[in-house]
Amino acid sequence: MATVEHISETSIRIHVDVADAVRMIDEAARDITCYASDIVTIYEKMPFFDYTSFCFYAYDSARLFEFILGVDPRQYNSFSLDAPDGFFYTLYGGMAALYGPAKQALTAAG
């Protein structure tokens, strides 16, 4: 389960694992239309990070990420993410499975 370590009033360190990626995938699958933009963005952009990291906020694709946290990291001046490679590989695989329906949802929304 994702944990948020408060380093100071303005800084946090986020710890996630493979189970958190599975929760993100399950949530995305539950409402593909709602998360379509996140799904498509993660799937299309993660290869540029060699599949072992990703900046959710650089692409405005953090809704699924924030779902597992229960806090908004943007409330802090700085935060870092501690995640094993398996988190990113699992997340990418899940987004790949949902990519087709998510892309269709975005196209339909115009």
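Quick note: numbers below take in every heavy atom, side chains included, and nothing from hydrogens, waters or symmetry partners. Index from 1, following the sequence.
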A side-chain contact here means heavy atoms from C-beta on lying under 4.5 Å apart; do [X] and [Y] qualify?
X: Ile7; Y: Tyr76; result: no
X: Ile12; Y: Pro73; result: yes
X: Tyr35; Y: Met24; result: no
X: Val40; Y: Leu106; result: yes
X: Ser11; Y: His6; result: no
X: Leu64; Y: Met95; result: yes
X: Leu81; Y: Phe65; result: yes
X: Val16; Y: Asp82; result: no

Side-chain heavy atoms under 4.5 angstrom apart, residues restricted to Ile, Leu, Val, Met, Phe, Trp, Tyr: same cluster for Val22 and Ile42?
no
Test of understanding: clusters of I, L, V, M, F, W, Y form through side-chain heavy atoms closer than 4.5 Å, transitively. Do Val4 and Phe87 belong to the same one?
yes
Given 3.5 Å as the limit, does a donor-acceptor pair link the side chain of [X] with the main chain of [Y], or not?
X: Asp17; Y: Asp20; result: yes
X: Asn77; Y: Thr10; result: no
X: Asp50; Y: Thr52; result: no

How long is the straight-line distance from [atom2] of [Y] back to [atom1] of [X], given to the nearest 0.5 Å?
X: Lys103; Y: Leu98; atom1: NZ; atom2: CG; result: 14.5 Å
X: Leu91; Y: Tyr51; atom1: CG; atom2: OH; result: 13.0 Å
X: Met1; Y: Leu69; atom1: CE; atom2: CG; result: 10.0 Å
X: Ile14; Y: Glu66; atom1: CD1; atom2: CD; result: 9.0 Å
X: Arg63; Y: Ser37; atom1: CZ; atom2: OG; result: 8.0 Å

When the ring planes of Tyr92 and Tyr43 are compared, do they come out parallel, tilted or perpendicular, using 30° and 60° as the limits?
parallel
Which of parallel (below 30°), tilted (30 to 60°) and perpendicular (above 60°) describes Phe49 and Phe54?
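Plane angle over 60°, so perpendicular.
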Residues Glu27 and Arg30 bridged, charged N to O under 4.0 Å:
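Result for this pair is yes, salt bridge flagged.
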At their closest point, which heavy atom of Gly94 faces which heavy atom of Ile25, and how far apart are they?
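The pair with the smallest heavy-atom distance is CA-CD1, 3.6 Å.
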Tell me every residue that passes salt bridge (charged side-chain N to carboxylate O under 4.0 Å, His left out) with Glu5, counting only those two or more places apart in sequence or in another chain.
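Residues passing salt bridge (charged side-chain N to carboxylate O under 4.0 Å, His left out) with Glu5: none at all.
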Within 45 degrees of the ring normal and closer than 6.0 Å to the centroid, is that where the cationic atom of Arg13 sits relative to Phe79?
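That pair does not qualify as a cation-pi contact.
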